[in-house]
Amino acid sequence: QQLINERILISLAREKGVLATDAEVDAEVQDRIKINPNYLENLRGFGYGLADVREDIRVELSEFKLQTMGINITDQQVDQFYRDNVRSYTVPTRYRLRMIVVARAADKATVDAEITGGKAFAEVARARSVHWSRLDGGLLGDLSESELGDSVRDLVKGMKKGGLSPWLTSAEGQETRLFLEEITPGRVLPLDAQLRKGIRQRMMLDRGRVRNNMDQMMAEARRKAKIEWQGTPFDEDLRRVFAAGG
């Protein structure tokens, strides 16, 4: 069904004069390699050759061009969208936290003594913590403010890199101590060529959904399509799907 729909989409794009060109496909391949140098290598690992990749991209680009026929977005409109939605392009400050959880208050002294004695917090967490994070040295990850719990948000924001929190007692009686390993300051993503491209595509799609009814165009193209049935086990299922407009 997907393969047939892709053939119909390519035929429709050609009919409308918006079929993705070889130059456009090649440019998109290069853009993806810039973002991820291992792009083609990773796909080869799944059995995709360059010809397969190029054909998939041709379908994607042709669908985009069908959806956005007649839509033009200027650089000034992109700039304005970026300014109006700058919060969406702001990476928040992130806090890399580790923690140690002990089941008894008496165990706190042992943990404190080992840390004071020069052992790395991660090493102590692996040996002493009863929390699942001990498997990774107590690592909780790089967390933004919104991902920090209400009970520790202000505490963590007030800590300095390399700082230790006081022991915190949970409702269950467990004792927890946090270590702030790294602070990655927040930043606003620059409006570079890649982000500009993404914003333009988003704006074009938003307007294209109003102007161009893709479902209707594809349904009409399917009705006009000439499908030759080859007596395969899938014929009857496909007939029902396409009779229903699938």
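Keep in mind that the numbers below use all heavy atoms, side chains included, and drop hydrogens, waters and symmetry copies.
No donor-acceptor distance shorter than 3.5 angstrom exists from the side chain of Arg7 to the backbone of Ile4, with no hydrogens or angles considered. In this structure, Arg96 contributes its side chain and Ile183 its backbone to no donor-acceptor pair below 3.5 Å. A donor-acceptor distance shorter than 3.5 angstrom exists from the side chain of Arg58 to the backbone of Ala20, with no hydrogens or angles considered. Within the 3.5 Å criterion, the main-chain N or O of Gln67 finds a donor-acceptor partner in the side chain of Asn212. For the pair Ser129 (side chain) and Ile100 (backbone), a donor-acceptor distance under 3.5 Å is absent. Looking only at distances, a side-chain donor or acceptor of Thr93 sits under 3.5 Å from a matching main-chain atom of Gly186. A distance-only check finds no donor-acceptor pair linking the side chain of Arg211 to the backbone of Thr68 [under 3.5 Å]. Distance alone, capped at 3.5 Å, is enough to place a donor-acceptor pair between the Glu147 side chain and the Ser144 backbone. Distance alone, capped at 3.5 Å, is enough to place a donor-acceptor pair between the Asn36 side chain and the Asn38 backbone. Here the side chain of Arg177 pairs no donor or acceptor atom with the backbone of Leu164 at under 3.5 angstrom.
Distance CG/Leu61 to CG/Leu66: 11.0 Å, rounded to 0.5 Å. Here the straight-line distance linking atom CD of Gln174 with atom CZ of Arg104 works out to 12.5 Å at 0.5 Å rounding. How far OG1 of Thr184 is from NZ of Lys161: 9.0 Å, rounded to the nearest 0.5 Å. For the atom pair CD (Glu28) and CD1 (Ile33), the distance works out to 10.5 Å, reported to the nearest 0.5 Å.
Criterion: ILVMFWY side-chain heavy atoms under 4.5 Å apart, direct or through other members. Under it, Phe179 and Met159 are not part of a common hydrophobic cluster. There is a path of hydrophobic side-chain contacts, each under 4.5 Å, that joins Val101 to Leu168. Residue Leu143 is grouped with residue Leu178 when hydrophobic side chains (ILVMFWY) are merged at heavy-atom distances under 4.5 angstrom, including chains of intermediate members. With hydrophobic clusters built from ILVMFWY side chains whose heavy atoms lie under 4.5 angstrom apart, Leu205 does not share a cluster with Met214. By the rule that hydrophobic residues join a cluster once side-chain heavy atoms approach within less than 4.5 Å of another member, Ile57 and Ile10 end up as members of separate clusters.
In the model, Gln76 has no side-chain atom that pairs as donor or acceptor with a side-chain atom of Gln80 under 3.5 Å. Inspection of the Thr232 and Asp235 side chains reveals an N or O donor paired with an N or O acceptor under 3.5 Å.
For the side-chain contact (heavy atoms from CB on, under 4.5 Å) test with Val78, the passing option among Arg83, Arg196, Lys197 is Arg196; the others fail. Exactly one residue among Arg32, Arg44, Lys34, Gln30 makes a side-chain hydrogen bond (donor to acceptor under 3.5 Å, both in side chains) with Tyr39. That residue is Arg32. Checked against Glu220 for a side-chain contact (heavy atoms from CB on, under 4.5 Å), the options Arg222, Met218, Lys224 give a single hit: Lys224. Screening Met203, Arg209, Met204 against Arg207 for a side-chain contact (heavy atoms from CB on, under 4.5 Å) leaves a single residue, Met203.
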- Task: Mind running salt bridge (charged side-chain N to carboxylate O under 4.0 Å, His left out) on Arg126 and Glu123 for me, showing each step along the way?
- Result: CA-CA 5 Å; Arg126 275 188 284 269; Glu123 181 184 352; over 6 Å; no
- Output, in order, the C-alpha distance, side-chain angles, deciding distance and verdict of side chain to side chain contact (heavy atoms under 4.5 Å, CB included) for Leu9 and Ser62. CA-CA 8 Å; Leu9 186 147; Ser62 297; 3.9 Å; yes
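Summarising the geometry of Val86 relative to Thr90, their closest heavy-atom pair is O-OG1, 2.8 Å, with the distance given to 0.1 Å. Contact between Arg200 and Ile73 at its shortest, heavy atoms only, is NE-O, 3.1 Å. Minimum interatomic distance between Ser165 and Leu155 (heavy atoms only, all atoms of both residues): CB-CD2, 3.9 Å. What you find for Arg134 and Ala125 is that their closest heavy atoms are CB-O, 3.4 Å. Of all heavy-atom pairs spanning Tyr89 and Arg202, the tightest one is OH-NH1, 3.7 Å. Shortest non-hydrogen contact noted between Phe46 and Asn42 is CD1-O, 3.3 Å.
Residues Tyr48 and Leu40 fail the side-chain proximity criterion, which asks for heavy atoms closer than 4.5 Å. Using a 4.5 Å cut-off on side-chain heavy atoms (C-beta onward), Lys16 and Leu12 make contact. Looking at heavy atoms from C-beta onward, Gln1 lies in side-chain contact with Leu238 at the 4.5 angstrom threshold. You'll find the side chain of Ile199 reaches within 4.5 Å of the side chain of Tyr82, heavy atoms only. For the pair Leu140 and Arg98, the minimum side-chain heavy-atom distance is 4.5 Å or more. Side-chain contact between Leu97 and Leu148: present, with at least one pair of heavy atoms (C-beta onward) separated by less than 4.5 Å. At a threshold of 4.5 Å between non-hydrogen side-chain atoms, the residues Glu175 and Asp107 do not count as touching.
A salt bridge does not link Glu145 to Arg153: none of the charged side-chain nitrogens sits closer than 4.0 Å to a carboxylate oxygen. Salt-bridge formation is detected for the pair Glu24/Lys65: a Lys NZ or Arg NE/NH1/NH2 atom is positioned less than 4.0 Å from an Asp or Glu carboxylate oxygen. Asp26 and Arg54 are joined by a salt bridge, as a carboxylate oxygen and a charged side-chain nitrogen come within less than 4.0 angstrom of each other.
Enclosure of atom NZ in Lys108 by more than 12 non-hydrogen atoms of other residues, nucleotides or ligands within 6.0 angstrom is indicated.
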